[in-house]
Each structure stands twice: as structure tokens, then as C-alpha cells.
Amino acid sequence: MDDRTRIEPLRTKPVWQPTREEAEAAVRTLIAWAGDDPGREGLVDTPRRVVKAYEEFYAGYKGNPAEALARVFTDVEGYTDIVLVRDIPFFSHCEHHMAPFSGKAHVGYYPSEGAVGLSKLARIVDTFSRRLQTQEAMTAQVAEAIETGLRPRGVAVMVEAEHSCMTMRGVMKAGSSTVTTQFTGIFRDDPNERMRFLMLLRGAR
């Protein structure tokens, strides 16, 4: 089996998946638990809307990173320098509280066997962000997907995000942000390359 088909780190999948009707019933239960009446006019259609929204929030479970990186362009006129896509917006949900977090991802790599369409890097971010996540895991998964799919000389990923589980509950520190990074290949082994990646990001500010 080609390594490119084994991009996504395996996660335990549920042995069963509720029906849409069961999911809507669960939303009604939560509404009642919160102290409201799921049968009142303003809430009667909420379970249906919530389940539909969840299909969008967690569409990443149906995404396949290997497909996004399947087409590699080898005719790049000998280009071998860094490719960097900055400020890719994303939205995700914390797996601990199912509370949203959002921010920007910055993805760079050094081509070796060719380049991929720039929009595909954003698609990789979407695939992993639209799941129940931790920022640390998401950062590592994006880097691993590009590393396995493109076999570049190195991958650099930085994610900056604000977590509502910190701003809306708990310590309630609005405005705080979290930064995570993951480096492979030349970025991991050469401090100068890591510094170059960070300098290119600062140049966008």
C-alpha cells in the first residue's frame, strides 16, 4: 500500500452512530436539562437545526486528506524554495467541552516531488478542524498529512487560536490566544529554516 493512502492518523470510530431522530431527541433532552421547554414555539425546530448545523461543524470526519493532496504538479519550473500559505481561517470545537475555538493556520513546506494546489492546503486545515479537536492534535495532523502526502523536504505549521472554553467559561480570560507549532524535515533539523518561516509570518503583520 502506498504511504500516501495512509495519511490520516487512525482514531477509534464509534461502534454505532445514532439516527437523525435519535440525535434530535438528544438535543431536546439537553434543552430540557438546561431548564427550557423544547416544545415551545421558539425551540420546537431547534433540534432539527442543531443536527443540521452539526453536519457542517463536523464535516471533517467525512473528509479524506489523501484526496486533497492526490494531484501534485511536477512542472513548477524547477522551483524548490518554500511555499507558504498564511492566515488560513478555521473554526473547530474543543473535544473537552464541545465549545468552539477559531483562529488562523499558517502552513509552509519545501517541495521535493512537486507542488500541490494552494487551496488544497486550506482544505487540509478544514478537514482536521471540522472535528472534535485539541489545537495541539490538529496542528500535528495537518503537518503529518502534508508530510505523508507530498513527501516534501520539510513542513512547518503554526496555529493561532482563541478558545471559548477559556473566554466564555472557566477562567473567562477574553482575548487570550494559544499558539502551537509542528515542524518536520528541514524545519525541524535546521534552526535557520525555522527562523525563516517565523520571519516570513512576521512580515505579514
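A distance of 9.0 Å separates OG of Ser177 from CE of Met166, quoted to the nearest 0.5 Å. Remark: Ser176 OG to Glu162 CD distance equals 6.0 Å, nearest 0.5 Å. Going from atom NZ of Lys120 over to atom CD1 of Ile124 covers 9.5 Å, rounded to the nearest 0.5 Å. Atom CD of Glu95 sits about 5.0 Å away from atom OG1 of Thr134, to the nearest 0.5 Å. Atom CD of Glu160 sits about 8.0 Å away from atom NZ of Lys104, to the nearest 0.5 Å. Expressed to the nearest 0.5 Å, how far CZ of Arg130 lies from OH of Tyr61 amounts to 13.0 Å.
The side-chain heavy atoms of Ser92 and Phe57, taken from C-beta on, include no pair separated by under 4.5 Å. Side-chain contact between Phe183 and Glu193: absent, with no pair of heavy atoms (C-beta onward) separated by less than 4.5 Å. Residues Lys62 and Thr127 form no side-chain contact, since every pair of their non-hydrogen atoms from C-beta on lies 4.5 Å or further apart. Contact check for Asp37 versus Leu43: no side-chain heavy atoms found under the 4.5 Å cut-off. For the pair Thr148 and Leu69, the minimum side-chain heavy-atom distance is 4.5 Å or more.
A donor-acceptor pair under 3.5 Å is absent between the side-chain atoms of Tyr110 and the main chain of Phe187, judged by distance alone. When atom types are taken as modelled, the side chain of Arg153 and the backbone of Thr80 share a donor-acceptor pair closer than 3.5 angstrom. Looking at Arg151, its side chain never comes within 3.5 Å of a backbone N or O of Pro111 through a donor-acceptor pair.
The side-chain hydrogen bond (donor to acceptor under 3.5 Å, both in side chains) search around Arg71 returns none, not counting sequence neighbours. Every residue two or more places apart in sequence or in another chain was checked for a side-chain hydrogen bond (donor to acceptor under 3.5 Å, both in side chains) with Glu24, and none qualifies. Residues satisfying the side-chain hydrogen bond (donor to acceptor under 3.5 Å, both in side chains) criterion with Asp45, sequence neighbours excluded, are absent altogether. Qualifying side chain to side chain contact (heavy atoms under 4.5 Å, CB included) partners for Lys52, counting only residues two or more places apart in sequence or in other chains: Glu55. In terms of the side chain to side chain contact (heavy atoms under 4.5 Å, CB included) criterion, Val44 has no residue partners (sequence neighbours excluded). Residues that satisfy the side chain to side chain contact (heavy atoms under 4.5 Å, CB included) test with Val50, not counting sequence neighbours, are Val27, Thr46, Tyr54. For Gln135, the side chain to side chain contact (heavy atoms under 4.5 Å, CB included) partners two or more places apart in sequence, or in a different chain, are Phe101, Thr139, Val159, Ala161, His163, Thr178, Thr180.
By the criterion of side-chain heavy atoms lying less than 4.5 angstrom apart, applied directly or through intervening Ile, Leu, Val, Met, Phe, Trp or Tyr residues, Phe91 is not grouped with Phe128; the two fall into different hydrophobic clusters. A continuous path of Ile, Leu, Val, Met, Phe, Trp and Tyr side chains, each step under 4.5 Å between heavy atoms, connects Ile82 with Leu198, placing both in one hydrophobic cluster. Hydrophobic clustering keeps Leu30 apart from Tyr58 (ILVMFWY residues linked when any side-chain heavy atoms are closer than 4.5 Å, directly or through intermediates).
Aromatic pair Phe197/His106: ring centres not closer than 6.0 Å.
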Original post:
Are Leu121 and Val142 close enough, and set up right, to give a side chain to side chain contact (heavy atoms under 4.5 Å, CB included), and what steps lead you there?
Top reply: CA-CA 9 Å; Leu121 300 179; Val142 170; over 6 Å; no
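The nearest pair of heavy atoms linking Met158 to Val179 is CG-CG1, 4.0 Å. Between Pro152 and Ile146, the closest heavy-atom pair is CD-O, 3.6 Å. Between Pro100 and Ser164 the shortest heavy-atom distance is O-OG, 2.5 Å. Considering all non-hydrogen atoms of both residues, Ser112 and Leu150 come closest at OG-O, 4.2 Å.
Side chain to side chain, Gln141 and Gln133 meet the donor-acceptor criterion of an N or O pair below 3.5 Å. Side-chain atoms of Glu147 and Tyr109 include no donor-acceptor pair closer than 3.5 Å.
No salt bridge links Arg28 with Asp36; every basic N to acidic carboxylate O contact stays at or beyond 4.0 Å.
Among residues at least two apart or in separate chains, there is no ring-ring contact (aromatic ring centres under 6.0 Å, His included) pair with a member in residues 70-89. Sorted pairs that involve residues 175-190 and meet salt bridge (charged side-chain N to carboxylate O under 4.0 Å, His left out), not counting sequence neighbours, are lacking altogether.
Within 6.0 Å of CZ in Arg123 there are 12 or fewer heavy atoms belonging to other residues, nucleotides or ligands.
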